[in-house]
Every structure is written in structure tokens, then in C-alpha cells.
Amino acid sequence: MTLRIDEPASLRPFNSFGVDARASRLVTLEDPTDVAAALALLAEAPRALVLGGGSNLLLAGDFDGTVLRVALRGRRVVSAGENDAIVEAAAGENWHDFVCWTLDQGLHGLENLSLIPGTVGASPIQNIGAYGVEMRERFDSLEAVDRHTGERRRLGPADCRFGYRDSVFKHPDGERWLILSVRFRLSRSFEPVLDYGELRAELSARAAAPRSDGSGHRDTDRRNAPATADGSPPPDAREVAAAVVAIRRRKLPDPAVLGNAGSFFRNPVVDAAQADALAAAHSDMPRHPAGPEAGPGADGRPRVKLSAGWLIERCGWKGHREGDAGVHERHALVLVNHGNATGAQLLALAERIRASVRERFGVALEPEPTIVR
Ligand SMILES: Cc1cc2nc3c(=O)[nH]c(=O)nc-3n(C[C@H](O)[C@H](O)[C@H](O)COP(=O)(O)OP(=O)(O)OC[C@H]3O[C@@H](n4cnc5c(N)ncnc54)[C@H](O)[C@@H]3O)c2cc1C
């Protein structure tokens, strides 16, 4: 058995908030033949927590139980067709490294999801998404093991019940699954998704600027890439990835420098009548269709997605700081740890933000990260 067991262990290096919580026991799973032994350790523990890269959770305090850190590695092309290929990565693979590897294979589809922190195994948990693409659009299937029975299953999209920052794994009937590996169906031809104005602007700026960063070569396959409005050559997949990376580096705090878990709240979905009333009072309030999966509201009209960041900013929280717990100065949606904030302090700040948004706008915010109490 090659399981690594630390008793007790600081979880500070293993959560992107940099919260110094301790676990009674930390088990690191690196070898796939140790899965059954790892599950046995979880089963005997008073409480159990599965951890990937720790970039989407808030540890509210010490964890009196066993934490299983999934560090399984490996990635491969499972099957290669003329137009597409199925690729697989073990749960502990770093997500961004995996995206870069798919581009190295000449496979397209994940470039808009570049630089999202964390592991491949956690990507289905909240159906990660960015810049107009969600993981579920490229998802093929995953292999999971039932933590209680040891049964292994291949789960497809219908089993996973993906939604906006959501999946079956975030609900009681899906929490029993430990994800071991994930497969994606990726395309050989490049069909860029450039719905976001910010991404188009970054690409135009980069096309106009002399290339000085040596950031990779251009793909030869541009057949599906639409001509850009300013007449510059259409981007290739690496250029889209590089633009996404540049935007993210500019906009989001690096957890290695300033602890955070990305967006702390999901964008709330409300009935159209409530959105209308809010828009009447706040003409600059952003609002977007929530999509068919949100279903109709009580009035039968399609529901509306609001911007959690805008609501929080309007309540005056941007740049706010209470000790080492704070709200990022450029991003009202990102809670930050300026050094030694505890999980409880960050959680208390999050609760105050929620209460003020509820009081001022009558809108309930839900946290995006898993809160481990
Ligand atoms: C700076 C920053 C930017 C971010 N930007 C984005 C973004 O643009 N879009 C986006 O969607 N997210 C974003 N996130 C959130 C985060 O990167 C993703 O949710 C990521 O998928 C989390 O991966 P992780 O391995 O760190 O998961 P963890 O934080 O370790 O775990 C998250 C949840 O998944 C569960 N889990 C982890 N691995 C497994 C497994 N193998 N089997 C079963 N359950 C498991 C955990 O128990 C926990 O409930 C951002 C985070 C940061 C810090």
C-alpha cells in the first residue's frame, strides 16, 4: 500500500483560501490500486471529506475527521476518430495542465476553460465554466466509485445532471461518488467560441500587437474560425487559450499571492417580475436570460439571471476588509484572505454580505464553493 497518511495535518497548503485548518487525518491517494484501502479509511472516520486542489471550498474550522486528497495522475487518448477524439485524465491531474495537453494533441474545445484552478476530478462537480463554455459541453463520461459499496460505475451526462455550476455530485444522492477519471470528446477542427466581448477585444489587441511573448505557434487549421470584425486573421485555439490566460491573470487574484476561491457566490436566478421591478429602480443593473434549464418563474415567464458581483458592489462591499478577511478591490464577487483569516471569519463576512444583499434587493445569494463546517 502506498497511501500517504498524515495525522494530524495542516490543510493550509491544500486550500486556495490559505486557511490554516487542521484535519485529524489526511490521506493522499496517488496509486489507483489503493482506492479500496482509501475508501476503508474514509468509512471508519467520524467525518470524511474528499479534496482535489482545494480551490472551491471554504474550511470553516478544523476538520475532525479524515480528508482524502485525490492525487491520481495520468492522461491518454482513449479513441481517435477522423473528426474528434475521446481523451481521459485521472482525477488528480491539474486542470490547466490537462487543457494545455489537449491543445498539444491538436484537440480543441477546452481552450476557453484555460487557467481554471483545481483538478480534472473536480471539474464535473460544479460543471466548471468560463468565457461562454461549460465543461458539460465537452464531457463524455466519468468513472466513479461508490464510497459506501465500492461499486465502480461509468456515469454519462444524464447521470451527472449538470446545471449552472451544479451537478448531481453537489446533492445528497450524488455525494457518495468518488470520481476517479473523466473523459472528454474533443474536436480536431477548431470552432472558436467568442461570445464574450472581453475575449474578442483581447484577441483583437493581441492580433494588433507585435508577438513578443513566444506563446506558442499558430494552428494550421483555421477553416472554421470566423473572420474578425477588424479584418485581422481569425485566432487559433492556442491564441484563444493565451487570451483567456491573459484576461484571467489581469482580473483575478492569484491564490498563491492572495488567498481566494474565485467567485464566492453564484449569480442568482429570479422571476422575471422581480427582475423587472429591480431594473425599474436600477436602470444599469445587468440581467441575462437564465436559460431553459432554470424553468419558468411563478408568472410563467422565463427566469432571469442577475449579477451577484453587481449586487454586492452596490451594497458597498468592494475592497472592504475586516482584519484579514476581505472583498477583493477589483472584484466584489471574490472574497480574499489577506494573510491569517480563519474560515470562520471569512464565512462571517460572507453571511454579512448575503444579509445586506437580501435586505437591499430582496435577492438570496448562494455560495459557490463547498462550505466545510
Ligand atoms: C482564482 C480562481 C478562479 C476560479 N475561476 C473559476 C471559473 O472561471 N469557473 C469555475 O467554474 N470555477 C472557477 N473557480 C473554482 C474552482 O477552480 C473550480 O470549481 C475547480 O473545479 C475546483 O477544483 P478543485 O480540484 O480545487 O476542487 P476542490 O476545491 O478540492 O473540491 C471542490 C468540491 O469537489 C469535491 N471533489 C473534488 N475532487 C473530487 C473527486 N475526485 N471526487 C468527488 N468529489 C470531488 C470536493 O469534495 C468539493 O466538494 C475558480 C477558483 C479560483 C481560486
Side-chain angles (χ1 to χ4, degrees), residues 11 13-19 29 32 35 38-39 42 47-59 63 65-73 89-99 110 112-136 142-147 155 160 162-171 174-182 196 244-245 247-267 328 330-331 333-337 367-373:
L11 298 177
F14 305 117
N15 74 98
S16 62
F17 261 124
V19 165
L29 173 65
V35 170
L39 293 186
L42 286 188
R47 298 177 66 202
L49 171 69
V50 175
L51 191 66
S55 64
N56 206 27
L57 47 83
L58 175 59
L59 300 161
F63 190 76
T66 297
V67 174
L68 176 65
R69 192 167 73 84
V70 182
L72 300 167
R73 305 300 298 272
E93 283 287 332
N94 174 275
W95 173 261
H96 179 67
D97 291 349
F98 171 63
V99 172
L110 297 179
N112 291 44
L113 303 179
S114 297
L115 211 63
I116 295 181
T119 58
V120 171
S123 65
I125 304 288
Q126 72 155 1
N127 173 31
I128 58 170
Y131 299 101
V133 174
E134 286 186 340
M135 187 234 48
R136 66 172 152 185
L142 59 81
E143 190 191 14
V145 57
D146 187 322
R147 281 164 49 180
L155 305 180
C160 297
F162 293 121
Y164 163 62
R165 300 292 184 273
D166 197 22
S167 74
V168 69
F169 308 107
K170 288 196 117 182
H171 297 270
E175 282 173 355
R176 67 184 193 279
W177 295 112
L178 174 69
I179 296 172
L180 300 175
S181 62
V182 189
Y196 271 61
V244 168
V245 166
I247 298 171
R248 294 185 70 98
R249 288 218 168 106
R250 209 163 49 227
K251 280 181 59 175
L252 289 167
D254 177 356
V257 178
L258 186 62
N260 75 92
S263 303
F264 195 85
F265 295 102
R266 282 188 257 205
N267 287 323
H328 193 253
R330 290 196 305 276
H331 252 291
L333 199 46
V334 179
L335 263 58
V336 294
N337 177 4
E368 187 179 295
T370 302
I371 310 293
V372 184
R373 293 176 199 270

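Note that ligands are numbered from 1 as they come in the structure, with each ligand's atoms numbered from 1 the same way.
Ligand 1 lies less than 4.0 angstrom from a heavy atom belonging to W177.
Looking only at side-chain heavy atoms (C-beta outward), I125 and N56 stay at 4.5 Å or farther from each other. V70 places none of its side-chain heavy atoms less than 4.5 Å from the side chain of T119. Inter-residue side-chain proximity for F98 and V182 is flagged as unmet; no heavy-atom pair is nearer than 4.5 Å. Contact check for L333 versus F265: side-chain heavy atoms found under the 4.5 Å cut-off. Taking the side chain as every heavy atom from C-beta outward, L72 and L180 approach each other to under 4.5 Å.
Remark: among candidates G174, G262, P255, G92, the nearest residue to atom 52 (C) of ligand 1 is G262, based on non-hydrogen atoms. For atom 17 (O) of ligand 1, the nearest non-hydrogen atom from the set G118, A90, S16, P117 comes from P117. Atom 38 (N) of ligand 1 has its nearest heavy-atom neighbour, among S167, G52, G129, in G52.
For ligand 1, the atoms sitting less than 4.0 Å from at least one non-hydrogen atom of T119 are 23 (O), 24 (P), 25 (O), numbered in the order shown with element in parentheses. Remark: ligand 1 atoms within the under-4.0 Å shell around heavy atoms of A130 are 8 (O). For ligand 1, the atoms lying closer than 4.0 Å to a non-hydrogen atom of R165 are 11 (O). For ligand 1, the atoms closer than 4.0 angstrom to any heavy atom of T370 are 33 (C), 48 (C), 49 (O). Ligand-side atoms of ligand 1 in range of G54: 24 (P), 26 (O), 28 (P), 29 (O), 30 (O), range being under 4.0 angstrom from any heavy atom.
Residue-environment remark: OH (Y196) stays at or below the threshold of 12 foreign heavy atoms within 6.0 Å. Heavy-atom contacts from other residues, nucleotides or ligands closer than 6.0 Å to CZ of R250 number more than 12.
Inclusion of I125 in the set of residues having an N or O under 3.5 Å from an N or O of ligand 1 is not warranted. In terms of N/O distances under 3.5 Å, ligand 1 is not approached by L252. Checked by distance only, ligand 1 and Q126 come closer than 3.5 Å through their nitrogen or oxygen atoms. Residue P253 has no nitrogen or oxygen atom sitting less than 3.5 Å from a nitrogen or oxygen atom of ligand 1, judged on distance alone. The shortest N/O to N/O separation between R248 and ligand 1 falls below 3.5 Å.
Residue-level proximity to ligand 1 for N127 is absent, since no heavy atom of it falls below 4.0 angstrom.
Shown here for W95 and L113, the closest heavy-atom pair between the two residues is NE1-O, 2.9 Å.
Expressed to the nearest 0.5 Å, how far CG of L258 lies from NE2 of H328 amounts to 5.5 Å.
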